[in-house]
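Lettering follows sequence order; numbering is per chain, from 1.
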2 protein chains.
Amino acid sequence: MVSKLAELGYRMTPQRLMIVTAVENAADHTSAEEIFGQVVQKYPNVNISTVYRTLDLLEELHMVTKTDLGSGSVRYHPVDKGHHHHLVCRDCGALINLDESVLEGLKHDLLRDYKFNADLQHLGILGRCERCERNVARSENT
Amino acid sequence: MVSKLAELGYRMTPQRLMIVTAVENAADHTSAEEIFGQVVQKYPNVNISTVYRTLDLLEELHMVTKTDLGSGSVRYHPVDKGHHHHLVCRDCGALINLDESVLEGLKHDLLRDYKFNADLQHLGILGRCERCERNVARSENT
DNA sequence: TTTCGTGCAAACCCTTTGCATTTGC
DNA sequence: GCAAATGCAAAGGGTTTGCACGAAA
């Protein structure tokens, strides 16, 4: 991503470099806060607004996708790491990656029946993961 | 909903009455702002925090569901009006109701393949509606 | 009367913005 | 040198909260 930015004529400031690197090295999805937290450690005078601006830039250039999962949880994900979706556990907050193929049928149905072009790269599905589901079952037996 | 609240021992203040009535009479999904806007007209000294508190109460009592569609768009929907989902147009903001049945296959797959109990009552799918899709196509030809 | 609900204002979180300053090129 | 990027602090939107007052039961 760094070289692509340079090619496009964007200035390579140390902040940008560190932010972009952090995004690339992050797990498959990060938040602005997480990126910020990682960068401040090595570069204590970065500002979070710079993080937001950089992430916005990367999104504009289609280098990351931005997913708003609701409840103030916005996630960023490098496009070149492939598409996937998130299953978000309402109890423990776990994020499970979901393969794109699972949703292809749905996308097709929505287009056919509703003429709606669903942007399923930006989907977060709320629910309960296996472990929490067991915990709930257990506590309800009490 | 009003009588149920009374049965449960909650006080029937004029504010509560108007808010609950507004929620019931609202289209199938409303926001706190919309409810507030409706209620102030007849009762100019309601406060929006009362609206939030009442909606929270109704949610706790499982009388409405709360759907966070992201980007600061939180929707409330009376449970007794049946489940449905939302297709949210990223361009014009249109909300299209989606029948529950469309997602049953998905729910089943998620449970089978991911052991994930998806809460599809709370799903908002972002994308582009038919009209905006045409507009985009048109402007790209320009 | 006594607890519950409300209004008000302030705080909250996350994100964005205006502006002066600094920096890369 | 000049436009682009940053830091800072302040504002923004939507929501929540502490507290004293008011009203339902």
- Task: Run the salt-bridge test on B/R53 and B/D56 with the 4.0 Å N-O cut-off and return the result as yes or no.
- Result: no
- Can you check the B/Y43 OH to C/dG5 C1' distance for me, whole Å? 11 Å
- Give a yes/no answer on whether the side chain of A/T50 brings an N or O atom under 4.0 Å of OP1 or OP2 in D/dG7. yes
- Query: In whole angstrom, what separates B/N47's CG from C/dA9's C1'?
  - Reply: 9 Å
- Message: Rounded to whole Å, how long is the line connecting atom CE of B/M12 with atom C1' of C/dC4?
- Response: 13 Å
- Task: Kindly say whether B/L17 contributes a backbone atom to a donor-acceptor pair with the side chain of B/T21 at under 3.5 angstrom?
- Result: yes
- Do A/R16 side-chain and C/dG24 base share a donor-acceptor contact under 3.5 Å? no
- Query: Does A/R75 reach the main-chain N or O of A/K66 with its side chain, forming a donor-acceptor pair under 3.5 Å?
  - Reply: no
- Task: Look at the side chain of B/T54 and the backbone N and O of B/T50, then say whether any donor-acceptor pair between them is shorter than 3.5 Å.
- Result: yes
- What nucleotide, of C/dT16, C/dA9, D/dA5, holds the atom closest to the side chain of B/S49? C/dA9
- Rounded to whole angstrom units, what separation is found between the CG atom of A/D68 and the P atom of C/dT16? 10 Å
- Task: Measure the distance from NZ on A/K66 to P on C/dC14 and round it to the nearest whole Å.
- Result: 14 Å
- Any N/O donor-acceptor pair, A/R11 side-chain to D/dA4 base, under 3.5 Å: yes
- Query: Counting just side-chain N and O atoms, does B/T13 come under 4.0 Å of either OP1 or OP2 of C/dT6?
  - Reply: yes
- Between D/dG7 and A/Q15, is there an OP1 or OP2 to side-chain N/O distance shorter than 4.0 Å? yes
- Item | Value in whole Å for how far the P atom of D/dA5 lies from CG of A/L58 | 12 Å
